[in-house]
Amino acid sequence: MLEFLMAAFILAIGLLGLATLQIMALRTTTSSRGMSTAVLVSEGVMERINAEARQSYLGMVFNGAPSWTPRYIGKAPVVGGILPTAAAPAAAIVDYYDFAGAPLPSATGAYFTVSSWVDTQVISGTVGATDRYLVRVEFTESPDPSNPAKLVKHSVNLVRSVVHA
């Protein structure tokens, strides 16, 4: 009888440990999904910046007038020297995305806030200009489902040099 009680006690402690590990795994999965989506969103914005830069550069090289209105090239503010932990500049171009990474027209329902600006600008004569674009994706999540009021703010920074007209 005593052996059965000891075995049941040890089994109960093991099951409680497994339940705790399951809760921790769920929290980590939610957090890593948010970070992965933030990286994908920042890469998508940076690819749009690169596409605009290539179009403007090719238009300059081949003397073609652009048939599109740029969102980032020539419109992003130049604000240099901002640390990764500092807030994004007030003049930055801001875009909003939902939890799945789909773009939204306004801040309503936004999970990710994307700020874009030029960190360094180098004019290089007749060949074009080189700008160092910085894209920051910020989002806030509750890592603890039992305490949804406790929020943690995350940010992902992506920097890339872009040659454009």
Should Arg71 and Ile93 count as side-chain neighbours, where that means a heavy-atom distance under 4.5 Å? yes
CZ on Arg136 to OG on Ser42, rounded to 0.5 Å: 12.0 Å
Under 4.5 Å between any side-chain heavy atoms of Trp117 and Ile82, yes or no? yes
Quick check on the hydrophobic clustering: are Val156 and Leu134 connected, directly or via other members, by side-chain heavy-atom contacts under 4.5 Å? no
Please tell me if the side chains of Val159 and Asp119 come closer than 4.5 Å, counting only heavy atoms from C-beta onward. no
Shared hydrophobic cluster, Val152 / Val39 (ILVMFWY, side-chain heavy atoms < 4.5 Å): no
If you look at every heavy atom in Pro77 and Ala91, which pair is closest and at what distance? CG-O, 3.1 Å
Roughly how far apart are Leu18 CG and Ile13 CD1, rounded to 0.5 Å? 12.5 Å
Does some side-chain heavy atom of Asp131 sit less than 4.5 Å from a side-chain heavy atom of His164? yes
Are any non-hydrogen side-chain atoms of Asn157 and Val135 less than 4.5 angstrom apart? no
Can you tell me how far apart OG1 (Thr37) and CE (Met35) are? Round to the nearest 0.5 Å. 10.5 Å
Rounded to the nearest 0.5 angstrom, the CD-CZ distance for Glu47 and Arg160 is 5.0 Å
Would you check if there is a donor-acceptor pair between the side chains of Tyr72 and Asp95 at a distance under 3.5 Å? yes
Min side-chain heavy-atom separation Val94-Val114 under 4.5 Å: no
Sub-6.0 Å ring centroid separation between Phe139 and His154: yes
What are the two closest heavy atoms between Ala110 and Leu104, and how far apart are they? CA-CD1, 3.5 Å
With heavy-atom distances below 4.5 Å as the criterion, would you say the side chains of Val79 and Val118 are in contact? no
To the nearest 0.5 Å, how far apart are CD in Glu43 and CG in Leu158? 5.0 Å
Mind telling me whether Phe99 and Phe112 have parallel, tilted or perpendicular rings, with 30° and 60° as the class edges? parallel
Which heavy atom of Ala76 sits nearest to which heavy atom of Tyr133, and what is that distance? CB-CE2, 3.7 Å
Minimum-distance pair of heavy atoms, taken over all atoms of Ala53 and Ile73: N-CG1, 3.7 Å
Begin with the C-alpha distance, continue with both residues' side-chain angles, and end with the deciding distance and a verdict on salt bridge (Lys or Arg N to Asp or Glu O under 4.0 Å) for Lys75 and Glu52. CA-CA 11 Å; Lys75 301 206 176 195; Glu52 283 186 11; over 6 Å; no
Quick one: pull up CD in Glu3 and CE in Met1 and give me the separation to the nearest 0.5 Å. 10.5 Å
